[in-house]
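Down below is the structure, laid out as C-alpha coordinates.
As the structure is a computational prediction, the values presented were derived from the model and not from experiment.
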Amino acid sequence: VGALTRFYAGLMTRYNPEFFIPNKIRDLQDASIYLASEGQFGFTGVAQTLKRQAKFEGESAIRDYLRGKDTEGARLYKQMKMDGSTTGGMGLSTRKQIEIDVESIRKINRSTPRKAAESVLEGIDNLNAVFEDSTRYIVYKEALAKGLTRERAAGLGKESTIDFNKMGTGGPVINAAYMFANASIQGSAKTKSSYDSCY
(Lines give C-alpha, C1' and ligand atoms only; values in the text may rest on other atoms or scores of the structure.)
Protein backbone atom coordinates (compact mmCIF):
# COMPACT_ATOMS: atom_id res chain seq x y z
CA VAL A 1 0.00 0.00 0.00
CA GLY A 2 2.84 2.34 0.91
CA ALA A 3 4.52 1.82 -2.46
CA LEU A 4 1.31 2.64 -4.35
CA THR A 5 0.68 5.71 -2.17
CA ARG A 6 4.24 6.98 -2.72
CA PHE A 7 3.95 6.40 -6.47
CA TYR A 8 0.66 8.31 -6.69
CA ALA A 9 2.06 11.04 -4.43
CA GLY A 10 5.04 11.30 -6.79
CA LEU A 11 2.69 11.84 -9.73
CA MET A 12 1.02 14.65 -7.79
CA THR A 13 4.27 16.33 -6.74
CA ARG A 14 7.63 15.28 -8.10
CA TYR A 15 6.46 14.48 -11.62
CA ASN A 16 3.86 17.23 -11.85
CA PRO A 17 5.15 20.42 -13.55
CA GLU A 18 2.23 22.37 -12.07
CA PHE A 19 3.31 21.52 -8.52
CA PHE A 20 6.43 23.67 -8.15
CA ILE A 21 5.05 27.22 -8.25
CA PRO A 22 1.99 26.70 -5.95
CA ASN A 23 4.21 24.76 -3.54
CA LYS A 24 6.74 27.61 -3.48
CA ILE A 25 3.98 30.14 -2.74
CA ARG A 26 2.70 27.89 0.07
CA ASP A 27 6.21 27.62 1.52
CA LEU A 28 6.58 31.41 1.55
CA GLN A 29 3.22 31.78 3.29
CA ASP A 30 4.16 29.16 5.91
CA ALA A 31 7.58 30.74 6.45
CA SER A 32 6.13 34.24 6.82
CA ILE A 33 3.66 33.17 9.50
CA TYR A 34 6.25 31.09 11.34
CA LEU A 35 8.97 33.77 11.27
CA ALA A 36 6.57 36.51 12.36
CA SER A 37 5.92 34.46 15.50
CA GLU A 38 9.63 34.20 16.29
CA GLY A 39 10.83 37.01 18.54
CA GLN A 40 14.24 37.23 16.91
CA PHE A 41 12.69 37.74 13.48
CA GLY A 42 9.35 39.50 13.76
CA PHE A 43 7.61 41.27 10.90
CA THR A 44 10.77 43.22 9.94
CA GLY A 45 12.68 39.98 9.46
CA VAL A 46 9.84 38.58 7.38
CA ALA A 47 9.98 41.65 5.12
CA GLN A 48 13.75 41.25 4.67
CA THR A 49 13.34 37.54 3.90
CA LEU A 50 10.69 38.27 1.26
CA LYS A 51 12.98 40.90 -0.22
CA ARG A 52 15.68 38.24 -0.60
CA GLN A 53 13.09 36.00 -2.28
CA ALA A 54 12.22 38.79 -4.72
CA LYS A 55 15.86 38.71 -5.83
CA PHE A 56 15.73 34.89 -6.17
CA GLU A 57 18.82 34.56 -3.97
CA GLY A 58 17.92 31.04 -2.87
CA GLU A 59 17.22 29.65 -6.33
CA SER A 60 20.43 31.17 -7.69
CA ALA A 61 22.59 29.79 -4.86
CA ILE A 62 21.17 26.26 -5.12
CA ARG A 63 21.53 26.20 -8.92
CA ASP A 64 25.19 27.23 -8.54
CA TYR A 65 25.73 24.49 -5.97
CA LEU A 66 24.15 21.83 -8.18
CA ARG A 67 26.26 22.95 -11.15
CA GLY A 68 29.44 22.75 -9.07
CA LYS A 69 30.15 26.48 -9.19
CA ASP A 70 32.27 28.01 -6.43
CA THR A 71 30.18 31.06 -5.56
CA GLU A 72 29.35 32.67 -2.23
CA GLY A 73 25.76 31.43 -2.47
CA ALA A 74 26.80 27.88 -3.33
CA ARG A 75 29.21 27.82 -0.37
CA LEU A 76 26.50 29.09 1.97
CA TYR A 77 24.03 26.49 0.71
CA LYS A 78 26.64 23.77 1.29
CA GLN A 79 27.14 25.10 4.82
CA MET A 80 23.37 25.13 5.34
CA LYS A 81 23.17 21.47 4.29
CA MET A 82 26.03 20.59 6.65
CA ASP A 83 24.21 22.39 9.47
CA GLY A 84 21.16 20.16 8.85
CA SER A 85 18.74 22.78 7.59
CA THR A 86 17.40 20.73 4.66
CA THR A 87 14.82 17.96 4.91
CA GLY A 88 14.22 16.56 1.42
CA GLY A 89 10.84 18.17 0.89
CA MET A 90 7.43 16.95 -0.22
CA GLY A 91 8.57 16.27 -3.76
CA LEU A 92 11.82 14.58 -2.85
CA SER A 93 10.31 12.55 -0.01
CA THR A 94 8.24 10.58 -2.51
CA ARG A 95 11.38 8.92 -3.80
CA LYS A 96 12.91 6.37 -1.46
CA GLN A 97 16.66 6.97 -1.31
CA ILE A 98 18.48 3.63 -1.56
CA GLU A 99 22.12 2.65 -1.66
CA ILE A 100 23.13 1.55 -5.15
CA ASP A 101 25.54 -1.36 -5.01
CA VAL A 102 28.38 -1.96 -7.45
CA GLU A 103 26.32 -4.34 -9.60
CA SER A 104 23.53 -1.78 -10.00
CA ILE A 105 26.07 0.86 -11.03
CA ARG A 106 27.49 -1.54 -13.62
CA LYS A 107 24.00 -2.18 -15.01
CA ILE A 108 23.33 1.54 -15.32
CA ASN A 109 26.70 2.16 -16.98
CA ARG A 110 26.08 -0.61 -19.54
CA SER A 111 22.56 0.51 -20.43
CA THR A 112 21.96 3.71 -22.40
CA PRO A 113 18.20 3.79 -21.61
CA ARG A 114 18.97 3.39 -17.90
CA LYS A 115 21.53 6.20 -18.08
CA ALA A 116 18.95 8.41 -19.76
CA ALA A 117 16.31 7.52 -17.15
CA GLU A 118 18.72 8.22 -14.28
CA SER A 119 19.63 11.53 -15.87
CA VAL A 120 15.96 12.55 -16.15
CA LEU A 121 15.27 11.54 -12.52
CA GLU A 122 18.33 13.45 -11.34
CA GLY A 123 17.16 16.53 -13.24
CA ILE A 124 13.70 16.29 -11.66
CA ASP A 125 15.19 15.88 -8.18
CA ASN A 126 17.48 18.87 -8.73
CA LEU A 127 14.50 20.98 -9.80
CA ASN A 128 12.67 19.88 -6.65
CA ALA A 129 15.70 20.77 -4.53
CA VAL A 130 15.78 24.30 -5.98
CA PHE A 131 12.12 24.93 -5.15
CA GLU A 132 12.05 23.08 -1.82
CA ASP A 133 15.25 24.48 -0.31
CA SER A 134 15.23 28.04 -1.65
CA THR A 135 12.83 29.26 1.06
CA ARG A 136 14.90 27.60 3.76
CA TYR A 137 18.03 29.15 2.27
CA ILE A 138 16.77 32.75 2.42
CA VAL A 139 15.58 32.21 6.01
CA TYR A 140 18.97 30.74 6.94
CA LYS A 141 20.82 33.60 5.26
CA GLU A 142 18.66 36.29 6.89
CA ALA A 143 19.07 34.65 10.31
CA LEU A 144 22.86 34.75 9.94
CA ALA A 145 22.65 38.38 8.80
CA LYS A 146 20.75 39.14 12.03
CA GLY A 147 23.65 37.72 14.03
CA LEU A 148 22.04 34.42 15.03
CA THR A 149 24.23 31.36 15.49
CA ARG A 150 24.56 28.81 12.69
CA GLU A 151 22.70 26.28 14.82
CA ARG A 152 19.78 28.66 15.41
CA ALA A 153 19.76 29.75 11.76
CA ALA A 154 19.66 26.10 10.65
CA GLY A 155 16.77 25.40 13.03
CA LEU A 156 14.79 28.37 11.73
CA GLY A 157 15.48 27.37 8.13
CA LYS A 158 14.40 23.79 8.70
CA GLU A 159 11.25 24.76 10.64
CA SER A 160 10.26 27.62 8.31
CA THR A 161 8.35 25.15 6.14
CA ILE A 162 7.25 21.56 6.75
CA ASP A 163 9.99 19.40 8.29
CA PHE A 164 9.56 16.12 6.42
CA ASN A 165 12.01 14.37 8.74
CA LYS A 166 9.69 14.89 11.71
CA MET A 167 6.87 12.46 12.43
CA GLY A 168 5.43 10.43 15.28
CA THR A 169 5.89 6.70 15.76
CA GLY A 170 2.74 5.99 13.75
CA GLY A 171 3.71 8.48 11.04
CA PRO A 172 5.06 6.02 8.46
CA VAL A 173 1.91 3.88 8.67
CA ILE A 174 -0.45 6.87 8.43
CA ASN A 175 1.60 8.34 5.57
CA ALA A 176 1.49 5.02 3.72
CA ALA A 177 -2.30 4.90 3.96
CA TYR A 178 -3.06 8.59 3.36
CA MET A 179 -1.08 10.80 1.00
CA PHE A 180 0.63 13.79 2.62
CA ALA A 181 -0.88 13.01 6.03
CA ASN A 182 2.31 14.08 7.82
CA ALA A 183 2.54 17.34 5.86
CA SER A 184 -1.12 18.14 6.52
CA ILE A 185 -0.89 17.44 10.25
CA GLN A 186 2.33 19.42 10.66
CA GLY A 187 1.12 22.31 8.53
CA SER A 188 -2.11 22.72 10.51
CA ALA A 189 -0.37 22.44 13.88
CA LYS A 190 2.41 24.87 12.91
CA THR A 191 0.02 27.48 11.50
CA LYS A 192 -2.12 27.41 14.66
CA SER A 193 0.93 27.58 16.93
CA SER A 194 2.47 30.46 14.96
CA TYR A 195 -0.82 32.35 14.83
CA ASP A 196 -1.26 31.97 18.61
CA SER A 197 2.29 33.24 19.16
CA CYS A 198 1.67 36.32 16.99
CA TYR A 199 -1.52 37.25 18.77
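Atom OG of S160 and atom CD1 of I138 lie 8.0 Å apart (nearest 0.5 Å). Note that the CD atom of E151 and the OG atom of S85 stand 11.5 Å from one another [nearest 0.5 Å]. Taking CZ from F20 and CG from N128, the interatomic distance works out to 4.5 Å, rounded to the nearest 0.5 Å. How far CD of E132 is from CG of L127: 10.0 Å, rounded to the nearest 0.5 Å. A distance of 5.0 Å separates CD of E38 from CZ of R152, quoted to the nearest 0.5 Å. A distance of 9.5 Å separates CD1 in I62 from CZ in R136, rounded to the nearest 0.5 Å.
Considering V139, L50, D30 as possible partners of L35, the one that fulfils the side chain to side chain contact (heavy atoms under 4.5 Å, CB included) test is V139.
The heavy-atom pair separating M80 from Y137 by the smallest distance is SD-CA, 3.5 Å. Closest of all the heavy-atom pairs between F41 and V46 is CD2-N, 4.2 Å. Shortest non-hydrogen contact noted between D83 and A154 is O-CB, 3.5 Å. Heavy atoms only, all atoms of each residue included: F43 and A36 are closest at CE2-CB, 3.7 Å. Heavy atoms only, all atoms of each residue included: K158 and T86 are closest at CE-O, 4.1 Å. Across every non-hydrogen atom of G58 and S134, the tightest pair is C-CB, 3.9 Å.
Take Y77 and apply the side chain to side chain donor-acceptor pair (under 3.5 Å) test, not counting sequence neighbours, and it matches D133. Listed by chain and residue number, Y140 satisfy the side chain to side chain donor-acceptor pair (under 3.5 Å) test with Q79 (two or more places apart in sequence, or in another chain). The side chain to side chain contact (heavy atoms under 4.5 Å, CB included) test applied to I25 returns I21, Q29, not counting sequence neighbours. With sequence neighbours excluded, no residue forms a salt bridge (Lys or Arg N to Asp or Glu O under 4.0 Å) with D64.
Applying the salt bridge (charged side-chain N to carboxylate O under 4.0 Å, His left out) test to residues at least two apart or on different chains, the pairs with a partner in residues 43-59 are K24-E59, R52-E57, R52-E142, E57-K141.
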L156 vs Y34, test: side chain to side chain contact (heavy atoms under 4.5 Å, CB included). Steps then yes/no. CA-CA 9 Å; L156 285 169; Y34 172 72; 3.9 Å; yes
